[in-house]
A.B. asks: 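I'd like to ask some things about the structure below.
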Amino acid sequence: MADSRDSLRVYNSLKPGGPVSFDPKDPGKVTWYACGPTVYDKSHLGHARNYVSTDIIRRIMMHYFNLDVNFVMNITDIDDKIIIRARRRRLLELEKRKAHSKEKLQELALDAFRAYAKSSLPALVDDGSELDPSNYETKRDVAYGKVLAGGALTEDGKPGEAEAKIRMHISNMDAAAKAIKDGQIFPGAEEVLLPYLDSLYKETFDTTDQSVFTELTQTMEDLFFADMKALNVLPPDVITRVTAFVPQIAKFVERIVDKGFAYEAEGSVYFDIAAFEKAGNRYARLRPESRNDKSLQEEGEGSLSKNLGGKRSPSDFALWKKSKAGEPFWPSPWGNGRPGWHIECSVMASEILGSSMDVHSGGIDLAFPHHDNELAQSEAYFFEPDKGEHTWVRYFLHMGHLSIAGSKMSKSLKNFETIEDALATTYTSRSLRTVFLLGKWHDGVEISPEMRSHADSWEATVNNFFTNTKSLLAEAAAKPASSGVAALSLNDQTSKSDIATQFEQAKKDFHAALCNSFDTPQAMQVIAGIIKDANIHLKTSKDQPDLATIEAIARWITKIVGIFGLDENAAPPYDGLGWASAKVAADQDPAVAIKPYTSVLESVSAAVQELQLNSDSIKVLLEKVPDAEFQALVDGGVRDIEQLALPYLRSVSSLRDELRKLVGTVTPEVKKSILALTDRIRDVDLTNLGVYLDDRPDGQPSLIKFVPAAELIAAREEKAARERERIRQKEEARIAREKAEQEKLAKARVNPKDMFKDDRFSAWDDNGLPTKMKDGSDVPKSQLKKLQKEHQKQTKLYQEVVGKGS
């Protein structure tokens with residue numbers, strides 16, 4: 001749709017500040033490496049944020065800026081998390097197979113329970129007393145009550161990832177404590193048993209058979225790509241897996257060692273940051289402020305690297321790790337070991353894309369140390385003296401992460417919703433993509449009801465515009481040429497209406513937004529704005545609307561939502577109008593495909609004939625057969641089911657419109673039958689097909705609108721539920737009124753002379769008003785005044801209800 005040259009600018013993490021000009025090494029072509037998932041668990045909405053936003057940018061590059069993109073993604077199928085998870089799961093399976101007595105199993109779970117507390121929730125055991133399920137809750141509430149109540153660990157701090165991790169550990173301990181108390185160890189105590197069993201048996205775990213790891217990773221990789229397909233994320237052009245590149249990784253590391261930028265120590269190989277910088281290179285170019293962040297360095301090294309020794313500097317990072325007992329291994333010049341986390345991407349990206357690539361992307365949390373270490377080791381590999389710093393990556397794009405309750409969504413914190421669950425319960429692919437489009441790709445996104453409401457509103461605006469435009473065009477196409485309706489043609493460039501001018505400006509504004517580092521929030525606002533302008537035009541130009549421009553706007557928006565990946569049924573070049581509808585399969589008879597629509601016409605026609613109406617217009621409509629119009633569409637190559645169904649739907653709608661006109665000319669009994677039939681046509685026959693008839697005033701024909709059947713049925717059921725509730729409330733009100741009348745009548749029958757004859761008083765006058773209290777004292781004046789008012793009110797009521805009838 002557009003040329004990116006001299007226009008597109010992007011945020012580049014290598015060059016802090018505003019967007020910079022996007023100039024690929026080879027004009028018109030883009031080489032792109034994206035950090036893929038570590039496949040040890042199901043993917044969650046945080047992954048969706050990363051990969052959907054990446055996919056949106058990739059689609060815009062390809063289908064809007066017409067760039068030829070070669071997109072490579074890696075799968076990390078071996079690392080510390082995978083090793084630990086796979087090993088622990090296998091050890092748990094083996095433990096379950098053992099013939100433990102109930103007492104032995106409970107003792108094992110209790111040991112694991114205490115070990116987990118000592119490791120993950122040390123405040124539970126700080127007082128030195130022995131922890132057990134009976135005193136656990138008391139200790140928990142004392143030690144971590146503030147965090148459980150939503151507070152922070154520190155007095156002046158805000159709750160974040162540290163607090164989320166504590167809550168996760170407490171959740172595991174809660175489940176284990178209950179399991180031990182109930183004597184049902186599995187599955188309740190599994191989360192505390194996993195690390196405990198690993199501590200007991202990892203040294204003797206046999207890793208010569210690597211199927212224990214590949215079974216996990218293959219399963220999770222399949223689930224990941226199933227999730228990506230469900231989110232309408234385009235598959236990578238090339239997929240690389242770490243385990244398929246281990247020999248190349250060893251050679252890559254060996255060359256870095258030979259160049260003097262890495263060294264071997266105790267079977268592991270470390271990158272020498274000091275030597276790298278001494279040669280004139282820069283380290284931590286993406287996050288220089290984080291280069292001495294010990295926690296990030298340790299996270300980058302992985303939990304299994306804690307006891308590796310021999311580093312010259314604490315900041316040096318592992319390129320090759322000596323494998324310890326219980327870990328998989330591959331041969332290398334330094335002995336059996338496995339790749340470091342960062343080296344995998346350097347090797348795979350360089351193997352596929354060469355010594356330099358245009359784009360490298362990933363989540364913002366990968367900037368340091370992962371991407372900074374990738375840069376350093378890759379630039380060391382390709383470094384040549386006297387040639388200056390090597391450019392391995394031209395543009396680094398970092399996607400903002402997704403957060404919930406102030407914490408980054410992550411597997412390790414277990415504060416995530418899987419993509420599978422989210423799509424099954426809360427989101428559609430379109431609604432989730434819309435949420436991400438409404439936020440800038442490099443900014444963080446906080447899950448909130450407001451965010452979802454904004455996305456739903458935008459989607460509804462587009463849905464309604466597509467539906468209304470198609471209805472208006474279908475109506476115009478059905479009218480004879482003499483009707484005065486303007487010809488519909490996208491090639492008509494003579495329109496000078498206000499909406500045409502507004503449309504031209506909208507396209508310019510949209511282009512400017514995408515050129516400004518893929519500013520999709522602004523682009524989405526432009527789309528909503530031009531739809532608003534179009535709706536105003538249609539409302540103010542009912543007699544002669546500029547339908548040619550309205551159609552052009554709808555087709556332009558169709559192309560854009562296709563480019564954004566919002567229509568999973570559409571394919572480039574996205575030249576349709578509205579969301580892609582079902583097509584007749586190549587081997588299917590069109591007449592069979594539209595049978596549900598022809599059946600409705602047959603049913604409606606039969607019902608109208610049964611009314612035996614004396615109407616020439618109804619007779620003409622019943623005799624009109626739309627088969628010829630349908631066949632002309634088929635002969636013209638039309639395969640869109642909506643278009644093929646329109647002749648039959650117009651016949652149904654016309655019959656219904658004519659019936660509505662006759663209502664005022666028939667007997668009450670016939671009127672009742674007509675109204676029942678017109679409601680049935682609208683609310684049952686057509687609703688079940690995903691067709692809505694929009695009734696209009698002043699004798700105008702109903703507009704035929706295609707709306708997903710599920711939405712129409714849901715709206716029908718909601719309407720029925722509201723009617724049932726109205727009837728229920730009306731009945732409750734009637735019962736309440738009757739009860740009130742009965743209570744009033746019962747009260748009215750009480751003679752005012754007897755109303756105060758109770759044990760509160762001991763004497764009364766002739767009218768029944770109390771004169772003495774129970775103890776013989778006079779009734780206080782203040783109380784007597786109140787009693788007199790009540791007596792007068794009851795006297796009046798008694799006379800009205802009882803006296804009149806006596």
A.B. asks: Strictly distance-based, threshold 3.5 Å: is any side-chain N or O of T418 a donor or acceptor partner for the main-chain N or O of S43?
C.D. replies: no
A.B. asks: Quick check: closest heavy atoms across L644 and P647, and the distance to 0.1 Å?
C.D. replies: O-CD, 3.3 Å
A.B. asks: What distance separates E658 CD from K619 NZ, expressed to the nearest 0.5 Å?
C.D. replies: 14.5 Å
A.B. asks: Between R167 and E163, is there a salt bridge with N-O shorter than 4.0 Å?
C.D. replies: no
A.B. asks: Between the side chains of R656 and D695, is the shortest nitrogen-to-carboxylate-oxygen separation below 4.0 Å, so that they form an ion pair?
C.D. replies: yes
A.B. asks: Answer whether the closest heavy-atom distance between the side chains of L566 and W579 falls below 4.5 Å.
C.D. replies: yes
A.B. asks: Between the side chain of D657 and the main-chain N/O of P701, is any donor-acceptor distance below 3.5 Å?
C.D. replies: no
A.B. asks: How many angstroms lie between CD1 in I553 and OG1 in T558, if you round to the nearest 0.5 Å?
C.D. replies: 11.5 Å
A.B. asks: Quick check for you: to the nearest 0.5 Å, what is the distance between T461 atom OG1 and I527 atom CD1?
C.D. replies: 11.0 Å
A.B. asks: Any chance CD of E629 has more than 12 other-residue heavy atoms, nucleotides or ligands included, within less than 6.0 Å?
C.D. replies: yes
A.B. asks: Given the rule in the side chain to side chain contact (heavy atoms under 4.5 Å, CB included) test, do F706 and V691 qualify, once you have shown the distances and angles that lead to the verdict?
C.D. replies: CA-CA 5 Å; F706 290 95; V691 177; 4.0 Å; yes
A.B. asks: Does a donor on one side chain sit under 3.5 Å from an acceptor on the other, for Q505 and D509?
C.D. replies: yes
A.B. asks: Look only at the side chain of S653 and the backbone of L649, and say whether a donor-acceptor pair between them is shorter than 3.5 Å.
C.D. replies: no
A.B. asks: Go through the steps for V600 and Y648 under the test side chain to side chain contact (heavy atoms under 4.5 Å, CB included), then give the verdict.
C.D. replies: CA-CA 9 Å; V600 164; Y648 299 95; over 6 Å; no
A.B. asks: Determine yes or no for a side-chain-to-main-chain donor-acceptor pair under 3.5 angstrom, with S457 supplying the side chain and H454 the backbone.
C.D. replies: no
A.B. asks: Looking at every heavy atom in both W556 and I530, which two are closest together, and how far apart are they?
C.D. replies: CZ3-CG2, 4.3 Å
A.B. asks: Evaluate the side-chain proximity of M755 to H791: yes if any heavy-atom separation is below 4.5 Å, no if none is.
C.D. replies: yes
A.B. asks: How about L703 and N468: do any of their side-chain heavy atoms sit closer than 4.5 Å?
C.D. replies: no
A.B. asks: Would you call E723 and R726 a salt bridge, taking side-chain N to carboxylate O under 4.0 Å as the test?
C.D. replies: yes
A.B. asks: Classify the ring geometry of H44 against H47: parallel below 30°, tilted from 30° to 60°, perpendicular beyond 60°.
C.D. replies: tilted
A.B. asks: If you measure from the Lys or Arg side-chain nitrogens to the Asp or Glu carboxylate oxygens, is any gap between R682 and D679 under 4.0 Å?
C.D. replies: yes
A.B. asks: Taking atom CG of L148 and atom OG of S171, what is their separation to the nearest 0.5 Å?
C.D. replies: 10.0 Å
A.B. asks: Atom NZ of residue position K757 - does it have more than 12 heavy atoms of other residues, nucleotides or ligands inside 6.0 Å?
C.D. replies: yes
A.B. asks: So does E718 pair up with R722, basic N to acidic O under 4.0 Å?
C.D. replies: yes
A.B. asks: Go through the side-chain N and O atoms of E725 and Q729 and say whether any donor and acceptor fall under 3.5 Å apart.
C.D. replies: yes
A.B. asks: Output yes when R555 and E551 qualify as a salt bridge under the 4.0 Å nitrogen-oxygen rule, no when they do not.
C.D. replies: yes
A.B. asks: Roughly how far apart are D683 CG and I713 CD1, rounded to 0.5 Å?
C.D. replies: 11.5 Å
A.B. asks: If only atom types and distance count, is the side chain of T469 paired as donor or acceptor with the main-chain N or O of F465 below 3.5 Å?
C.D. replies: yes
A.B. asks: Checking the side chain of W458 only, and the main-chain atoms of M524 only, is there a donor and an acceptor separated by less than 3.5 Å?
C.D. replies: yes
A.B. asks: Applying side chain to side chain contact (heavy atoms under 4.5 Å, CB included) to F756 and E790, what does each step give before you reach the verdict?
C.D. replies: CA-CA 10 Å; F756 297 125; E790 292 180 20; 3.7 Å; yes
A.B. asks: Does E669 have more than 12 heavy atoms from other residues, nucleotides or ligands lying within 6.0 Å of its CD?
C.D. replies: no
A.B. asks: Grab the two heavy atoms, one from T426 and one from E417, that are nearest each other, plus how far apart they are.
C.D. replies: OG1-OE2, 3.6 Å
A.B. asks: With distance as the sole criterion, is a donor-acceptor pair present between the side chains of S53 and R49 under 3.5 Å?
C.D. replies: yes
A.B. asks: With a distance cut-off below 6.0 Å to the six-membered ring centre and an angular limit of 45° from the axis, does K470 pair with F466 as a cation-pi contact?
C.D. replies: no
A.B. asks: Should we count NZ of K753 as having more than 12 external heavy atoms under 6.0 Å?
C.D. replies: no
A.B. asks: For the pair R59 and D55, find out whether any cationic side-chain nitrogen is under 4.0 Å from an anionic carboxylate oxygen.
C.D. replies: yes
A.B. asks: Would you indicate whether the side-chain heavy atoms of K559 and D575 approach each other to under 4.5 Å?
C.D. replies: yes
A.B. asks: Work out which heavy atom in A607 is nearest to a heavy atom in L677; give both atom names and the distance.
C.D. replies: CB-CD1, 3.7 Å
A.B. asks: Is a donor on one side and an acceptor on the other found under 3.5 Å between the side chain of N569 and the backbone of A582?
C.D. replies: no
A.B. asks: A side-chain contact here means heavy atoms from C-beta on lying under 4.5 Å apart; do V670 and L611 qualify?
C.D. replies: no
A.B. asks: Looking only at non-hydrogen atoms, find the nearest pair between A748 and L797 and report the distance.
C.D. replies: CB-CG, 3.7 Å
A.B. asks: Atom CG of residue position D758 - does it have more than 12 heavy atoms of other residues, nucleotides or ligands inside 6.0 Å?
C.D. replies: yes
A.B. asks: Taking the side chain from S605 and the backbone from E602, do they hold a donor-acceptor pair closer than 3.5 Å?
C.D. replies: no
A.B. asks: For salt bridge (charged side-chain N to carboxylate O under 4.0 Å, His left out), just list the numbers for E731 and R734, CA-CA rounded to whole Å, side-chain angles, deciding distance to a tenth of an Å, and then say yes or no.
C.D. replies: CA-CA 5 Å; E731 179 65 11; R734 182 190 65 78; 2.3 Å; yes
A.B. asks: Looking only at atom types and distance, does a side-chain atom of T434 sit under 3.5 Å from a main-chain N or O of R430, one as donor and one as acceptor?
C.D. replies: yes
A.B. asks: Please examine the side chains of I419 and Y427, heavy atoms only from C-beta on, and report whether any two atoms are closer than 4.5 Å.
C.D. replies: no
A.B. asks: Any heavy-atom pair between the side chains of I681 and L655 that's under 4.5 Å?
C.D. replies: no
A.B. asks: Could you check if a side-chain atom of I618 sits within less than 4.5 angstrom of a side-chain atom of L662, using non-hydrogen atoms only?
C.D. replies: yes
A.B. asks: I need the minimum non-hydrogen distance between F564 and R433, along with the two atoms involved.
C.D. replies: O-NH2, 3.1 Å
A.B. asks: Measure the OG-CG distance between S654 and L622 for me, rounded to the nearest 0.5 Å.
C.D. replies: 11.0 Å
A.B. asks: Please lay out, stage by stage, how K747 and Q794 fare under the test side chain to side chain contact (heavy atoms under 4.5 Å, CB included).
C.D. replies: CA-CA 8 Å; K747 183 178 180 181; Q794 181 63 18; 3.7 Å; yes
